Amino acid sequence: MIFVTRKAHFNAAHRLHNPKKSEEWNRETFGKCNYPNWHGHNYVIEVTVAGEADPDTGFVIDLGKLKGIIREKITEPCDHRNLNLDVPFMEGIMPTTENLAKAFYKELKEEVEAIAYDDSVLYSVKVFETERNIAEYCPYRMKE
Ligand code: NI
């Protein structure tokens, strides 16, 4: 199996806040990410497709086309936006790094797999909120 990864980035604002919990709980749990008037992150994402290479092209997936899908589905809707308020597919979802990784995966899966070679799959989506805070969604690994 071959793993092919395309990287992208966007800047966005968010706030982590659970309205079911007290102000104190939210401050203690989310720290700076709970500041009431939003704050930004320079997000980096890594989208990984796994499969075999097409014998005609040598590609698991055409990275130019993958770039276009990531732009349309993720970076256009998210870049310079507020992830709590502006992004339709994040409605009602707390924009933690974990939840973003899962939501991005769901947004990308169908279109990515439609253009990937044969039965290649969207393997994982990794989201870097900072250089040191990273979440990865990978449904295949969960089944092991
Ligand atoms: Ni934050």
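Order of appearance sets the numbers: ligands from 1, and atoms from 1 within every ligand. All of these numbers come straight from a predicted model, not from anything done at the bench.
- Listed by chain and number, the residues in a ring-ring contact (aromatic ring centres under 6.0 Å, His included) with Trp38 amount to none (sequence neighbours excluded).
- Taking the six-membered ring where tryptophan is involved, the planes of His39 and His14 are perpendicular, since the angle between them exceeds 60° and thus also 30°.
- Identified under the ring pair (Phe, Tyr, Trp, His ring centres under 6.0 Å) test for residues 43-68, with sequence neighbours left out: Phe10-Tyr43, His41-Tyr43.
- With rounding to the nearest 0.5 angstrom, the CG atom of Asp86 is 11.5 Å from the CG atom of Asp79.
- Around the Ni ion (ligand 1), protein atoms of type N, O or S found under 2.8 Å number 4.
- Between the side chains of Ser124 and Glu136, at least one donor-acceptor pair of N or O atoms lies under 3.5 Å.
- Not counting sequence neighbours, the partners of Glu98 by the side-chain contact (heavy atoms from CB on, under 4.5 Å) test are Thr96, Ala135.
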